[in-house]
Amino acid sequence: MPRYDFTSIESRWQEYWQREKTFRTPGPGDANFDASKPKYYVLDMFPYPSGAGLHVGHPKGYTATDIMARYQRHLGKNVLHPMGWDAFGLPAEQYAIQTGTHPAVTTAENVDRFRNQLQALGLSYDWDREVNTTDPKYYRWTQWIFSKLYEQGLAYEAEIPVWWCEELGTVLANEEVIDGLSERGGHPCVKRPLRQWMLKITAYAERLLADLENLDWPESVKAMQREWIGRSEGAEIEFSVAKDSGGAGDHAFMAFTTRPDTLFGATFCVLAPEHPLVDQITGVDQKEAVTVYREAAASKTDLQRSELQKEKSGVFTGAHAINPLFEEDDPRRLMPIWIADYVLMSYGTGAIMCVPGGDQRDYDFATEYGLPVVQVVAPKPLAVNAPGVDRAFDVTHGMGSVEIVTECYSGPGVMVNSGFLDGLSIEEAKSQMVDWLEKRDLGRGRVNFRLRDWLFSRQRYWGEPFPILHGKDGETQMVPNEDLPVTLPELDDFKPAGALEPPLGRAQDWVEVVDADGKVWRRETNSMPQWAGSCWYYLRFLDPQNDEAAWGEKAENYWMPVDLYVVGAEHAVLHLLYARFWHKVLYDCGLVSTDEPFQELVNQGMVQSFAYKDDRGALLPIDEVDEETDPAVRKSDGAAVERIVAKMSKALRNVINPDDVIREYGSDTLRLYEAFMGPVTASAPWNPRDLPGVHRFLQRTWRVFVPKEDDGGEIFASLLSNVAGSDEIERALHRCIEKVSSDVKQMGNNTAIAAMMEFVNEVTKREGQGFGRSQAERFCVLLEPFAPHLAEELWFRLGHVESLAYEPWPEFDLNMLVAESIEIPVQVNGKLRAKAFVPAGQENDRAVLEESAREVVAEHLIGVEVKKVVAVPGRLVNFVVAS
RNA sequence: GGGGGAGUAGCCCAAUAGGCAGAGGCAGAGGACUUAAAAUCCUCCCAGUACGGGUUCGAGUCCCGUCUCCCCUACCA
């Protein structure tokens with residue numbers, strides 16, 4: 001029977017918190033709501049309740065936020081700390097297809113399991129605010145927000161080529177397809193044109209980019225979003241396709257370039273193989289080659305394209321584009337038009353002008369196919385030669401009086417071989433060229449984004465239905481707000497109805513709707529993607545029971561924005577960008593009061609695991625390795641294996657189950673371990689050997705409250721009487737309070753725990769002597785955010801009947817932090833020679849410091865000249881002497 | 001190729017604004033308690049901060065260069 005009986009302690013307090021609703025958080029309008037208190041909204045990424053249950057990676061972030069939530073409560077704030085379920089999604093639907101179990105059933109089971117697991121961690125959520133994205137009471141408002149987007153003209157239908165995954169029976173967004181395989185499951189995907197709902201996130205690109213500036217987010221996440229949005233400034237230039245005679249023909253295309261300054265160096269153009277103009281301009285002789293190339297390109301997945309990346313390929317169309325800078329007789333006027341798969345139809349205009357003298361990709365292509373290369377930017381030192389137009393004449397390429405170079409230069413410099421731009425800097429040349437083009441209506445400055453509109457529909461059953469009706473003649477209307485939610489129909493079979501018909505199409509009764517005028521409509525049979533529900537869940541938490549509105553204005557005003565959001569790095573672009581987009585739309589509609597949802601963001605690190613590599617570099621499942629030996633060896637043959645750090649994976653059988661840890665050590669130990677591993681932001685491997693360390697700390701803590709002789713858990717008599725503690729312990733406690741307070745504020749939970757260990761070691765050293773009641777109580781408050789069950793138990797045994805969750809945070813006295821005399825290191829020429837002791841209060845007096853220091857290093861100063869004395873108040877003294 | 005981050009003891013990690021390299025934990029050694037073991041407690045051991053320069057009275061911390069590792073992204077015109 002362990003003296004510190006964590007199992008019974010933890011279940012007792014978990015029941016207590018649930019029964020007493022200790023963490024219920026009243027909001028504006030609720031009884032017991034105190035509007036005078038400051039608020040703190042601390043948010044976790046709500047999980048997808050998978051069948052696999054909780055992973056030890058989840059509690060890392062959840063513990064960090066829970067510590068913050070509990071700490072903020074001790075500061076007297078109203079703390080909003082909710083949890084819910086992002087429960088729509090493919091796995092439940094796949095399971096339904098295989099077994100016939102309704103996804104709602106699977107989901108409910110998984111949610112129950114997750115909730116139990118989270119509650120077993122002692123997380124201080126207000127469970128009355130639990131939300132579930134699959135609950136019609138929730139998705140009714142998801143549909144309502146969609147209607148807002150629709151009203152704003154931000155939702156539209158389009159027939160576009162999309163990634164279709166045969167295996168999953170659905171389309172996927174670009175970002176859900178990696179190298180031609182689905183992100184989930186790794187199934188092959190192909191491009192197919194399909195009618196889809198799109199959200200016009202590109203309309204917000206500029207603001208999504210600019211507003212990153214003021215967010216207290218990790219630089220890495222901001223950088224990823226910036227790259228994802230991919231703003232680039234340049235110009236759009238119209239090129240006419242030449243007739244055989246050389247004059248401008250009927251065809252023309254737009255090319256986007258970031259380097260309009262280099263137009264004088266454009267020697268050819270490339271269209272994406274899919275470019276619609278290709279059919280019309282391809283010459284008779286080139287027809288066959290072009291067709292073959294286009295078919296090859298179409299059948300290539302992105303994976304294959306990138307594998308072949310090093311070598312550029314393409315074919316000539318037979319047509320030429322006209323470079324508007326040059327007169328009819330100038331050989332540089334006609335630029336051959338090629339098609340090549342390094343130009344993507346989906347970016348810019350799907351057509352480029354190629355300047356091989358200044359762009360590595362164009363240069364590679366030009367070298368491959370023997371196209372001319374002209375230098376238009378010279379590095380600065382060569383500027384003396386500019387403008388230098390009349391140099392070599394290249395017969396081979398017929399480029400006129402322009403030097404043909406064999407290098408590509410894309411660095412800074414001055415314009416050469418560029419007519420009216422010669423001698424200008426790149427920046428000046430860009431703006432002059434844009435002016436030149438705009439005056440002639442041949443082009444204009446343009447900002448282009450990598451960000452595409454958001455593909456917002458899926459061909460799935462287990463997602464939010466669209467509140468959309470289609471008429472016979474192709475007209476579309478919203479389901480009126482009062483008729484929401486549009487609930488999912490019951491189905492027996494969740495498979496797609498046909499190759500391209502979503503499963504919802506199977507529900508005939510549901511699909512057909514007759515309105516008051518007897519007109520027949522068909523419901524939209526696509527459903528929304530999983531991101532929809534997670535785009536606004538943080539808003540529903542503000543007012544989760546509200547049946548009149550998605551959230552109340554007062555609640556929104558009081559609680560928003562989220563003060564602290566802890567998410568894994570995997571959400572850096574998608575979830576966080578989509579949520580910001582919706583939030584800005586809601587802001588523009590006057591429905592929320594802040595233009596950004598998440599003020600401070602922290603990326604939690606990964607919890608990794610050890611893995612072992614044999615001498616051939618192959619990874620071994622952990623159960624084939626004996627970890628007790630040093631080095632670890634393979635069980636089968638005793639060969640030494642190398643320990644490495646890897647992601648937890650089923651294949652390596654190194655996944656840690658939190659339930660097992662709780663059973664063996666308790667959830668306070670699990671919490672403490674997760675927080676003690678290192679900074680929240682850092683990734684670190686799970687090391688089972690380290691668990692006993694933090695567990696011992698809790699046992700020692702128990703021991704300083706409860707005497708050894710008494711297994712019943714009676715507390716030290718001295719702690720029950722009001723005996724004052726010793727001065728040494730009081731000082732140690734003040735140091736501990738100071739350290740824990742400053743650390744926990746900045747999520748330095750690992751060092752805060754170290755400070756508490758130090759304190760408990762100090763008390764232990766005195767065998768419980770001199771530990772006073774008030775000291776014990778203050779320590780309980782410090783401990784509570786980290787090990788809440790034990791802290792509550794000790795608090796209770798000190799004679800309190802109420803939870804300590806709302807006890808004020810203890811204060812420290814600066815005067816108690818200093819010892820009676822201060823130790824000051826004394827250096828001679830930067831080398832530590834001795835230590836001086838200065839009475840407390842005088843450590844900032846340079847004269848005192850120097851005098852005390854001189855005494856202790858007197859022998860080092862004999863016979864040498866002291867050139868300088870550096871005395872840092874309270875820190876050290878350094879004598880600089882002539883050597 | 002581009003971007004972000006990190007290298008401190010056998011391991012995980014500390015070290016406010018440059019100021020004694022070590023707070024804490026693990027592992028290891030020795031000891032106390034015990035019939036024994038476990039548990040618990042005490043004591044000890046261990047690096048000069050990836051490498052090379054520089055600035056400074058003084059550098060883990062600042063500057064320059066190099067190396068290694070992790071994450072993201074990748075023909076974006």
Side-chain angles (χ1 to χ4, degrees), chain A residues 2-3 218-224 226-228 230 232 234 255-259 262 270 272 302 305-306 308-310 312 340-344 346-355 359-362 364-365 448-451 569-570 572-573 603 605-606 608 610 630-631 643 645 672-673 676-679 681-697 699-700 703 708 735 739 742-743 748 750-758 760-761 764-765 767 823-835 867-870 872 874-881:
Chain A
R3 293 183 167 117
E219 199 43 52
S220 59
V221 178
K222 288 192 189 183
M224 276 188 248
R226 281 191 201 106
E227 274 170 37
W228 193 263
S232 59
F256 175 72
T257 177
T258 55
R259 295 295 301 274
T262 61
V270 173
D302 276 6
R305 278 202 190 185
S306 60
L308 301 168
Q309 196 181 113
K310 284 137 222 148
K312 297 268 182 295
D341 65 6
Y342 81 95
V343 173
L344 309 173
S346 51
Y347 183 77
T349 58
I352 60 171
M353 66 175 210
C354 298
V355 185
D359 183 288
Q360 190 61 48
R361 294 156 303 180
D362 297 345
D364 293 345
F365 192 83
N448 198 46
F449 292 93
R450 261 183 71 176
L451 184 71
E570 68 275 17
V573 263
N603 265 164
M606 262 190 305
Q608 300 151 313
F610 291 129
D630 185 31
R643 191 172 82 174
V645 170
L672 223 42
Y673 175 69
F676 192 59
M677 289 173 84
T681 50
S683 293
W686 185 272
N687 188 352
R689 286 193 186 179
D690 286 340
L691 277 160
V694 284
H695 187 66
R696 251 173 249 163
F697 160 65
Q699 278 178 324
R700 253 197 309 270
R703 191 52 61 219
K708 232 179 206 159
R735 283 198 300 274
K739 181 72 177 147
S742 71
D743 284 351
N750 52 331
T751 48
I753 292 167
M756 288 187 288
M757 288 173 165
E758 211 175 341
V760 170
N761 289 346
T764 302
K765 216 174 279 174
E767 293 175 353
E823 190 186 274
I824 299 289
V826 182
Q827 299 178 333
V828 177
N829 281 351
K831 289 199 181 94
L832 181 69
R833 291 301 184 196
K835 292 190 174 166
K867 295 169 81 174
K868 189 177 172 187
V869 181
V870 181
V872 184
R875 284 292 186 181
L876 62 48
V877 179
N878 186 16
F879 292 94
V880 183
V881 303

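Per chain, numbering begins at 1; letters A, B, ... match sequence-line order.
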Among B:C75, B:A77, B:U40, the nucleotide that comes nearest once only the side chain of A:Asp341 is considered: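 Looking only at side-chain atoms, A:Asp341 lies closest to B:C75.
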Side chain of A:Arg696 (C-beta onward), nearest among B:C41, B:C72, B:A77: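 In terms of side-chain proximity for A:Arg696, the closest of B:C41, B:C72, B:A77 is B:C41.
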Using the [atom1] atom in both, what is the distance from [N] to [M], to the nearest Å?
N: B:A15; M: B:A23; atom1: C1'; value: 8 Å
N: B:U66; M: B:G30; atom1: P; value: 49 Å
N: B:G19; M: B:C41; atom1: P; value: 34 Å
N: B:A36; M: B:G31; atom1: P; value: 14 Å
N: B:C62; M: B:G18; atom1: P; value: 9 Å
N: B:C33; M: B:A39; atom1: C1'; value: 11 Å

Take atom [atom1] of [X] and atom [atom2] of [N], then tell me their distance rounded to the nearest Å.
X: A:Arg226; N: B:G3; atom1: CZ; atom2: P; answer: 13 Å
X: A:Met756; N: B:G25; atom1: CE; atom2: P; answer: 13 Å
X: A:Asp364; N: B:G1; atom1: CG; atom2: P; answer: 14 Å
X: A:Met757; N: B:A23; atom1: CE; atom2: C1'; answer: 11 Å
X: A:Tyr673; N: B:G25; atom1: OH; atom2: P; answer: 15 Å
X: A:Asn829; N: B:U56; atom1: CG; atom2: C1'; answer: 13 Å
X: A:Arg735; N: B:A23; atom1: CZ; atom2: P; answer: 12 Å
X: A:Lys831; N: B:C57; atom1: NZ; atom2: P; answer: 15 Å

Results of side-chain contact (heavy atoms from CB on, under 4.5 Å) for A:Val869 - residues two or more places apart only: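 side-chain contact (heavy atoms from CB on, under 4.5 Å) check on A:Val869 returns A:Glu850, A:Arg854, A:Val866, A:Val877, A:Phe879.
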B/S/- contact track for nucleotides 12-21 of chain B, protein heavy atom under 4.0 Å: SSS-B--BB-
Heavy-atom donor-acceptor pair, A:Lys312 side-chain to B:C75 base, under 3.5 Å: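 Looking at the base of B:C75, it does pair with a donor or acceptor on the side chain of A:Lys312 (distance under 3.5 Å).
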Nearest-0.5 Å distance that lies between atom CG in A:Asn603 and atom CE in A:Met224: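 So the gap between those two atoms works out to 6.5 Å.
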Sugar-phosphate, base or nothing in reach of A:Ser232, heavy atoms under 4.0 Å: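 Result for A:Ser232 = sugar-phosphate.
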Short side-chain N/O contact to B:C41 OP1/OP2 from A:Arg700, under 4.0 Å: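 The answer is yes; a side-chain N or O of A:Arg700 sits under 4.0 Å from OP1 or OP2.
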A:Phe365 and A:Tyr342 aromatic ring geometry - parallel, tilted or perpendicular at 30°/60° bounds: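 Tilted: the ring planes of A:Tyr342 and A:Phe365 meet at 30° to 60°.
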For nucleotides 4-10 of chain B, which of its nitrogen or oxygen atoms have a protein nitrogen or oxygen under 3.5 Å away, and what is each distance?
none

No-hydrogen, no-angle side-chain donor-acceptor test under 3.5 Å, A:Tyr673 and A:Asn687: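 Short answer, no.
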